[in-house]
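Residue numbers start at 1 and run along the sequence shown.
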Amino acid sequence: MTGATRSIPYFGWTIVAGIPVLIFWSTIGIMVSTLLKNYQQRDLFMQLVFTPLSFTSPAFYVLDKAPRYVQVVAWFNPMTYQLRFLRSVAFGKFDFGVFGITIGLTVFCVAVGLVLLGRMHLTLQER
């Protein structure tokens, strides 16, 4: 219907490939939530950290055409590698390098998150 018949078979694989990316960002969210005390701090953190992360990743532009300082920031941005991984799966050109980086970052964040949650004293406050 859209003329994109070549990428349709890879759609399911792209959904599966997105699972490590979702786990990564969920773990980052859990780690951040252990540090913040209220909703105002969370909102400020989201605006000051996650918004620039999304705009410095090549989600909205081609990285090769971006200014040099944006390219440098993008190489430190985990979303850059995650987008390259998802695009490689979606277009059927699987890239093992970005796959390894994506899985490595996810495993690292899950390990750090488990350590942080293990050391945290959790209490329930019902109101």
Side-chain angles (χ1 to χ4, degrees):
M1 187 163 99
T2 63
T5 57
R6 183 181 157 162
S7 63
I8 291 174
Y10 299 111
F11 180 72
W13 288 113
T14 305
I15 299 296
V16 171
I19 292 172
V21 175
L22 291 172
I23 292 171
F24 173 84
W25 289 108
S26 298
T27 306
I28 292 289
I30 291 168
M31 289 189 292
V32 167
S33 69
T34 62
L35 302 173
L36 304 177
K37 306 292 183 231
N38 56 38
Y39 290 109
Q40 291 84 12
Q41 289 179 348
R42 184 206 61 193
D43 292 344
L44 181 66
F45 186 83
M46 293 291 287
Q47 289 177 350
L48 294 178
V49 175
F50 287 125
T51 302
L53 272 177
S54 64
F55 284 116
T56 58
S57 72
F60 303 111
Y61 57 87
V62 178
L63 188 59
D64 297 335
K65 306 283 184 192
R68 186 69 179 150
Y69 67 92
V70 173
Q71 290 178 4
V72 170
V73 172
W75 291 119
F76 291 102
N77 187 346
M79 200 179 299
T80 300
Y81 302 101
Q82 294 166 346
L83 287 170
R84 285 179 59 195
F85 170 59
L86 291 174
R87 287 176 181 152
S88 74
V89 173
F91 293 116
K93 298 177 182 176
F94 193 78
D95 187 351
F96 287 102
V98 292
F99 172 71
I101 292 170
T102 300
I103 296 300
L105 288 171
T106 301
V107 168
F108 176 75
C109 281
V110 168
V112 170
L114 288 172
V115 169
L116 282 177
L117 286 178
R119 293 181 179 182
M120 188 175 178
H121 179 66
L122 300 174
T123 60
L124 292 176
Q125 295 179 349
E126 295 182 13
R127 294 176 191 201

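Atoms CZ and CH2, on F50 and W25 in that order, are 5.5 Å from each other to the nearest 0.5 Å. Note that CZ of F108 is 14.5 Å distant from CD1 of I101, once rounded to the nearest 0.5 Å. Annotation: the span from F55 atom CZ to M79 atom CE amounts to 10.5 Å, rounded to 0.5 Å. With rounding to the nearest 0.5 Å, the separation of CZ in F45 from CD in Q41 is 11.0 Å. Rounding to the nearest 0.5 Å gives a distance of 8.5 Å between CE of M120 and CG of L35. Atoms CD and CG, on Q82 and L105 in that order, are 7.0 Å from each other to the nearest 0.5 Å.
At a threshold of 4.5 Å between side-chain heavy atoms, the hydrophobic network of Ile, Leu, Val, Met, Phe, Trp and Tyr places F96 and F24 in one connected group. Cluster membership for V98 and I103, using ILVMFWY side-chain heavy atoms within less than 4.5 angstrom, is shared. Hydrophobic clustering (side-chain heavy atoms under 4.5 Å, transitive across Ile, Leu, Val, Met, Phe, Trp, Tyr) groups V112 together with V49. Residues M46 and V32 share a hydrophobic cluster, clusters being chains of Ile/Leu/Val/Met/Phe/Trp/Tyr side chains in contact below 4.5 Å. In the hydrophobic clustering of this structure, I15 does not group with L22; members are Ile, Leu, Val, Met, Phe, Trp, Tyr whose side-chain heavy atoms approach within less than 4.5 Å, directly or through other members.
S26 is not listed as a side-chain neighbour of I23, based on a closest heavy-atom distance of 4.5 Å or more. Looking at Y81 and W75, their side chains come closer than 4.5 Å, going by heavy atoms from C-beta outward. Q40 is not listed as a side-chain neighbour of L44, based on a closest heavy-atom distance of 4.5 Å or more. When side chains are defined from C-beta on, Y61 counts as touching V70, because their heavy atoms get closer than 4.5 Å. Considering only heavy atoms from C-beta on, S33 stays 4.5 Å or farther from R42 through its side chain. Residues L63 and Q71 are in side-chain contact: their nearest non-hydrogen atoms beyond the backbone lie under 4.5 Å apart.
Looking at every heavy atom in both residues, C109 comes nearest to I28 through SG-CD1, 3.6 Å. Taking both residues in full, the closest heavy atoms of L117 and I30 are given as CD1-CG2, 3.9 Å, listed atom of the first, atom of the second, then distance. The two residues D95 and S88 make their nearest non-hydrogen contact at N-OG, 3.5 Å. The nearest pair of heavy atoms linking S54 to F60 is O-CE1, 3.8 Å. The nearest pair of heavy atoms linking L83 to S57 is CD1-OG, 3.8 Å. Nearest heavy-atom pair, P20 versus T106, reported as atom, atom and distance to 0.1 Å: O-OG1, 3.2 Å.
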Walk me through whether T56 and N77 qualify under side-chain hydrogen bond (donor to acceptor under 3.5 Å, both in side chains). CA-CA 7 Å; T56 58; N77 187 346; 3.1 Å; yes
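Within the 3.5 Å criterion, the main-chain N or O of L48 finds no donor-acceptor partner in the side chain of T51. In terms of modelled atom types and a separation under 3.5 Å, the side chain of T80 and the main chain of A74 share a donor-acceptor contact.
Aromatic ring pairs are classed by plane angle as parallel below 30°, tilted from 30° to 60° and perpendicular above 60°; the pair F99 and F85 is tilted.
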